[in-house]
Amino acid sequence: HQGRAVLFLSGSFREAVVEGADNPVYPPFQSALLAALTTIGANPIVNSYASIAFLNIIYLFGFYFFFSTWMPASMQRAKILACTLLATSSGFGWIYLLGLTVTTNPVLSEKSVLDTIVSTQPFDIFQPTNFFLSAHPEFSTGLIYIALPAGFVLLGILRGYLTNKFTFTLMVTVISVLGILSHDEFYLFIIISAVLPLVFKIRLASYMYVGFLFALSIVYLIDITSPENYYTSNEIFAGFSLLKLSILFVVLLWMLYLIRQKLRRIPHTMLNFLEKFTLKRHKHNSSYSGFKFLTRVIIVSLVCYIYGLSFIILAHLSTGDVMVQSAGYGNPYNIPWYLYSLKFGIIGIFGLAFVLSYLFKKFEKEVFVFGIIIVIPLFAGPYYDEYRFSKYIMVGMVGFASLMLYKIIDSLRSKPVISKVIIVIIIATGSLSSILYIGYNSLILQTQDFVQTLGRRNFAASEMPLFQT
């Protein structure tokens with residue numbers, strides 16, 4: 001970003017693009033903002049980049065708004081807990097690291113600690129599963145302080161009960177254009193939003209699809225008029241532009257939504273007849289109730305078995321084996337199925353427990369908006385980067401886990417001391433990997449061992465003359 005900002009400030013960015021010296025995969029919107037801020041503030045670029053660090057917290061405000069609009073009134077008090085878990089939580093990588101220091105990698109010096117942490121690249125210390133204390137994506141990037149907040153606000157206004165159709169369409173269009181220009185991962189929020197009307201009741205769903213098409217068309221016009229095709233160069237499925245696929249996906253989902261609305265006009269008498277027939281069939285059938293309970297127990301047991309099996313498999317594999325199966329840092333990152341339980345840690349356990357509790361006691365289905373946030377990145381990850389999309393899965397898990405913790409705490413309302421102890425234990429246990437990541441960066445500064453730091457944080461020596469021109 002700093003190199004591009006220097007080109008913007010020197011007026012040579014267009015020439016660099018025409019000569020093919022720029023990377024067309026990442027859009028230059030963030031770099032242009034940084035250059036504008038440097039010009040307005042009359043500060044060095046490094047200072048300008050550091051001054052926007054406080055903006056990294058904005059996505060938490062967006063998540064707070066999204067949580068507030070979707071959760072029922074009985075669960076609104078869980079939103080502060082959810083934001084806290086979203087900012088700090090990670091997985092059980094700290095346990096794995098502790099095991100290494102006790103067995104094969106004893107702590108002998110500061111350098112040995114760095115080597116041990118770097119050896120756990122596939123886990124959640126070197127690459128935490130949150131956005132606030134993380135690497136890949138880095139802090140103060142367009143994804144963190146523009147695309148993520150815009151995505152959460154977009155999801156929030158879908159449930160925000162806006163009545164003016166023009167205002168709603170305009171907001172969807174503006175937010176979508178801003179998000180797409182900032183980072184390609186905003187398409188994930190468009191996909192999630194396009195799926196939501198098929199599952200939940202969205203009052204102005206058709207106008208949402210219209211807003212998406214307006215936004216995608218605007219971005220396409222920007223792309224074809226710019227010197228480099230930044231927004232159509234990112235391709236998946238062997239040469240298909242992500243922007244064009246998003247347009248096609250929105251159109252198809254809109255058609256499915258319209259078909260679904262037509263099917264809703266089936267006479268209610270027929271549906272009521274079928275419902276009465278089903279009720280008569282099972283009204284006095286006690287064996288049917290027993291079968292349902294047994295089915296639920298089997299499902300819970302199977303999930304617990306698979307979850308526990310993942311830890312057993314991980315315990316029998318070396319760090320090198322996991323590294324090979326996950327492709328390592330710097331390549332398209334894959335997450336083996338057994339690694340998800342470790343990366344989500346205590347949050348994954350409580351989130352999964354909340355979902356399974358639905359089998360025994362029903363609650364508002366709006367809660368399952370977090371399920372859609374989990375499922376779509378889970379299946380889309382192999383076509384992009386499973387590590388990056390695991391952060392979005394963590395967002396859904398945080399939503400479920402916060403609701404589960406709120407229910408536990410609410411049931412202990414008469415015992416405030418115990419409830420406070422539970423909150424402290426959960427937050428501390430969930431954030432230990434993130435704290436170790438902060439310690440890892442601090443240790444690099446103390447030892448001046450910049451060989452171990454992330455490559456993107458090393459400014460290339462060949463680009464240093466740009467600062468002297």
Side-chain angles (χ1 to χ4, degrees), residues 57-89 148-165 167-168 171-172 175 189 192-205 207-208 264 346-376 392-420 422-424 426-427 430:
I57 200 173
I58 289 182
Y59 86 95
L60 289 177
F61 299 143
F63 179 78
Y64 182 91
F65 170 70
F66 157 66
F67 195 99
S68 302
T69 54
W70 275 90
M71 293 302 101
S74 60
M75 300 180 179
Q76 284 293 318
R77 296 180 64 184
K79 52 193 174 186
I80 298 296
L81 180 60
C83 291
T84 303
L85 296 177
L86 182 65
T88 62
S89 295
L148 278 180
F152 288 129
V153 170
L154 174 64
L155 295 177
I157 65 174
L158 298 184
R159 199 70 175 182
Y161 304 105
L162 291 175
T163 56
N164 189 288
K165 299 175 182 177
T167 303
F168 179 79
M171 289 186 66
V172 171
I175 292 173
F189 287 99
I192 293 172
S193 301
V195 172
L196 288 179
L198 302 179
V199 183
F200 305 102
K201 183 178 180 180
I202 307 297
R203 184 177 301 179
L204 301 176
Y207 295 93
M208 178 200 69
R264 277 188 171 182
I346 193 71
I347 301 302
I349 292 176
F350 277 95
L352 195 59
F354 181 81
V355 175
L356 294 176
S357 69
Y358 185 79
L359 297 173
F360 300 94
K361 185 177 180 180
K362 306 297 182 183
F363 41 79
E364 293 84 348
K365 73 172 186 176
E366 286 80 5
V367 170
F368 286 100
V369 65
F370 294 116
I372 295 178
I373 295 176
I374 291 173
V375 170
I376 292 178
Y392 296 95
I393 299 175
M394 188 65 162
V395 172
M397 283 295 184
V398 162
F400 286 139
S402 62
L403 296 176
M404 186 67 190
L405 289 172
Y406 172 73
K407 283 193 171 186
I408 295 174
I409 295 169
D410 189 59
S411 65
L412 298 173
R413 189 177 300 177
S414 60
K415 302 176 181 178
V417 176
I418 297 178
S419 62
K420 291 177 182 178
I422 292 175
I423 293 176
V424 171
I426 297 301
I427 294 178

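All figures in this text were calculated on a predicted structure; none of them were measured in a lab.
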Could you grab the distance from atom [atom1] of [X] to atom [atom2] of [Y], nearest 0.5 Å is fine?
X    : Y    : atom1 : atom2 : result
S419 : I408 : OG    : CD1   : 11.5 Å
M71  : F370 : CE    : CZ    : 4.0 Å
I427 : I347 : CD1   : CD1   : 8.5 Å
L204 : L158 : CG    : CG    : 9.5 Å
I423 : L81  : CD1   : CG    : 6.5 Å
K420 : L412 : NZ    : CG    : 13.0 Å

For [X] and [Y], work out which heavy atoms get closest and say how close.
X    : Y    : result
R159 : E366 : NH2-OE2, 2.9 Å
S193 : L155 : OG-CD2, 3.2 Å
A194 : M208 : CA-CE, 4.0 Å

Worksheet entry | Worked check of side-chain contact (heavy atoms from CB on, under 4.5 Å) between Y406 and I80 | CA-CA 10 Å; Y406 172 73; I80 298 296; over 6 Å; no
Are [X] and [Y] packed together at the side-chain level, in the sense that at least one heavy-atom pair is separated by less than 4.5 angstrom?
X    : Y    : result
F63  : C83  : yes
Y358 : V367 : no
F200 : I372 : yes
M75  : K407 : yes
N164 : F168 : no
F152 : F67  : no
I175 : F189 : no

Distance-only check: which donor-acceptor pairs under 3.5 Å involve side-chain atoms of residues 395-405, not counting sequence neighbours?
{"unit_1": "S402", "atom_1": "OG", "unit_2": "V398", "atom_2": "O", "d": "3.1"}
{"unit_1": "S402", "atom_1": "OG", "unit_2": "G399", "atom_2": "O", "d": "2.8"}

Worksheet entry | Six-ring centre of F363, K365 cation under 6.0 angstrom, axis tolerance 45° |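 Output no; distance or angle outside limits.
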Fill in: NZ (K201) with more than 12 external heavy atoms under 6.0 Å
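No - once you tally the heavy atoms of other residues, nucleotides and ligands closer than 6.0 Å, there are 12 at most.
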Discussion item. Are there over 12 heavy-atom neighbours, none belonging to F368, within less than 6.0 Å of that residue's CZ?
Written reply: yes
Item to complete: Step through it carefully: locate the ring centre of F66, locate the ring centre of Y59, and say whether they are under 6.0 Å apart.
Response: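 No, the ring centres sit 6.0 Å or more apart.
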